[in-house]
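Can you keep this structure in mind? I'll have questions shortly.
Atoms within each ligand, like the ligands themselves, are counted from 1 in listed order.
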Amino acid sequence: MTRHDGFPDDFIWGCATASYQIEGATQEDGRGVSIWDTFAHTPGKVAGGDTGDIACDSYHRYLEDIALLRELNANAYRFSTAWPRIQPEGSGAPNQKGLDYYDRVVDALLESGIEPWMQLYHWDLPQALEDRGGWVNRETAYRFLDFAQIMFRHFGDRIRHFSSLNEPWCVAFLGYLQGVQAPGKTDRRLAHRAVHHLLLAHGLAQRAYRESGLPGAFGIVLNPARQRPATARPEDIEAADRAAIESTRIWLDPLYGRGYPELFMQLFGADIPMEEGDLDIIASPPDFLGINYYFEQAIKAVPVDGQHPYGCALAETWHPKTAMGWDIVPEGMLRLLRYIAGTWPVSELYVTENGVAFDDVPDSQGIVHDANRIAYLRSHLHACRDAIAEGIPLKGYFLWSLMDNFEWAYGYQKRFGIVRIDPVTLHRIPKKSFYYYRDVIAGFGL
Ligand code: IFM
């Protein structure tokens, strides 16, 4: 059944967060060190010297967060699990107190009628694994499999949607090529090795989930892009196609059994630590695909060089920008969903993240009147509705983010929340966009 606003009755309406961005309590209950602890505590890596040590203190205040989700009437919550809470050294027996924390979260969600969507990995790799090479080391894929199996055994009775990796593109290219995220390496070859091991990790975990006989669904969350050509000139159109190789096709082609894209293999095949059988492990379509969408980029052709191995570069645009400097292009979301659904045989799509950072200014009561965020959400939800009307199998939407949190290398300066976190008291104060989203969920229209 379709509601009068064009969304199906059974549409998933949720919010998303991630462990290191909200939990804090980094030294409590036996949690080990993650690469983000190390990175954030390295001077100069994060704006303002911010760290996730306290973050939103959700480790202690998760019930307040869940009360907010209840007030929204959200029917799902996508959160991630901190691997170093479960396996402080990245391997071996699970830390019971880590499991206990997520038991409390999962059970409180279920009691509130909110379906927990468990994101196994959202960037906080145990430092002990990074010390042995991190995602550049094949062993990490097998350690991820062990971690995932612990989670399946312990939570599989209550979790119906597991996803493996969040935005592996960021892990590989921001972490190992651009160096702006943990572990801060700057070597393209390492990034390509990481790509392969991330895909392998996903494939191993997905296979184990299927073999476990558990009744839920298993997916992966990507931040794919369908860059648009800056002009209608053939060279720009071809350049935009090449831009999608790294952002999108090196992930989706192998997952859907097509192997790595030809041009990628021509240019960088020597970097890929392929072993026999790897592509078979990877090539198993996920039950659902999570798409994180924030912006669309325009691409122009440039001469191939070390900086531009695909002969493409970002072009100037006219769009208004967010506090991150990202273009606001709601129709780009529809174009992306069309591209994904039209190119790969995806069964179920979810927008697993969408949202916006603005320089919110609270009034004297601490209330944020964020009409700009409401406009952003409205226009992107329109794109979702249009996608559904076209027959694209979009089944749900998770807003990023429930609350202002640690925005990685930008620290707390960039705020994506529909709930403001008072920087001193950590009180949760819903912004106007919170009530907008509540009304959308309730069916009052966009
Ligand atoms: O905060 C991040 C999140 O961790 C991953 N996706 C993009 C968000 C906004 O930058």
Next on the checklist: Within the 3.5 Å criterion, strictly below it, is a donor on E348 or Y350 matched to an acceptor on the partner's side chain?
Outcome noted: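 Judged by distance alone, the side chains do pair up.
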
Item to check | Side-chain donor-acceptor pair present, D360, H369, cut-off under 3.5 Å | outcome: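 Per modelled atom types, D360 and H369 side chains form no pair under 3.5 Å.
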
Checklist entry - With sequence neighbours excluded, what pairs up with Y77 under the ring pair (Phe, Tyr, Trp, His ring centres under 6.0 Å) test? => result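 Checked Y77 against ring pair (Phe, Tyr, Trp, His ring centres under 6.0 Å); matches are F79.
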
Checklist entry - Side-chain donor-acceptor pair under 3.5 Å between R70 and S112, yes or no? => result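 A donor-acceptor contact under 3.5 Å links the two side chains.
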
Next on the checklist: Which residues pass the side-chain hydrogen bond (donor to acceptor under 3.5 Å, both in side chains) test with D124, not counting sequence neighbours?
Outcome noted: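 side-chain hydrogen bond (donor to acceptor under 3.5 Å, both in side chains) list for D124, sorted by chain: S19.
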
Check: every ligand 1 N/O to protein N/O pair under 3.5 Å:
from: ligand 1; atom 1: 1 (O); to: Q21; atom 2: NE2; distance (Å): 3.0
from: ligand 1; atom 1: 1 (O); to: W400; atom 2: NE1; distance (Å): 3.3
from: ligand 1; atom 1: 1 (O); to: E407; atom 2: OE1; distance (Å): 2.5
from: ligand 1; atom 1: 4 (O); to: Q21; atom 2: OE1; distance (Å): 2.7
from: ligand 1; atom 1: 4 (O); to: H122; atom 2: NE2; distance (Å): 2.7
from: ligand 1; atom 1: 4 (O); to: W408; atom 2: NE1; distance (Å): 2.8
from: ligand 1; atom 1: 6 (N); to: E167; atom 2: OE1; distance (Å): 3.2
from: ligand 1; atom 1: 6 (N); to: E167; atom 2: OE2; distance (Å): 2.7
from: ligand 1; atom 1: 6 (N); to: E353; atom 2: OE1; distance (Å): 2.5
from: ligand 1; atom 1: 10 (O); to: E407; atom 2: OE2; distance (Å): 2.6

Item to check | Any residue meeting side-chain hydrogen bond (donor to acceptor under 3.5 Å, both in side chains) with Y176, in chain and number order, not counting sequence neighbours | outcome: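 In terms of side-chain hydrogen bond (donor to acceptor under 3.5 Å, both in side chains), with neighbours along the sequence ignored, Y176 is linked to E130.
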
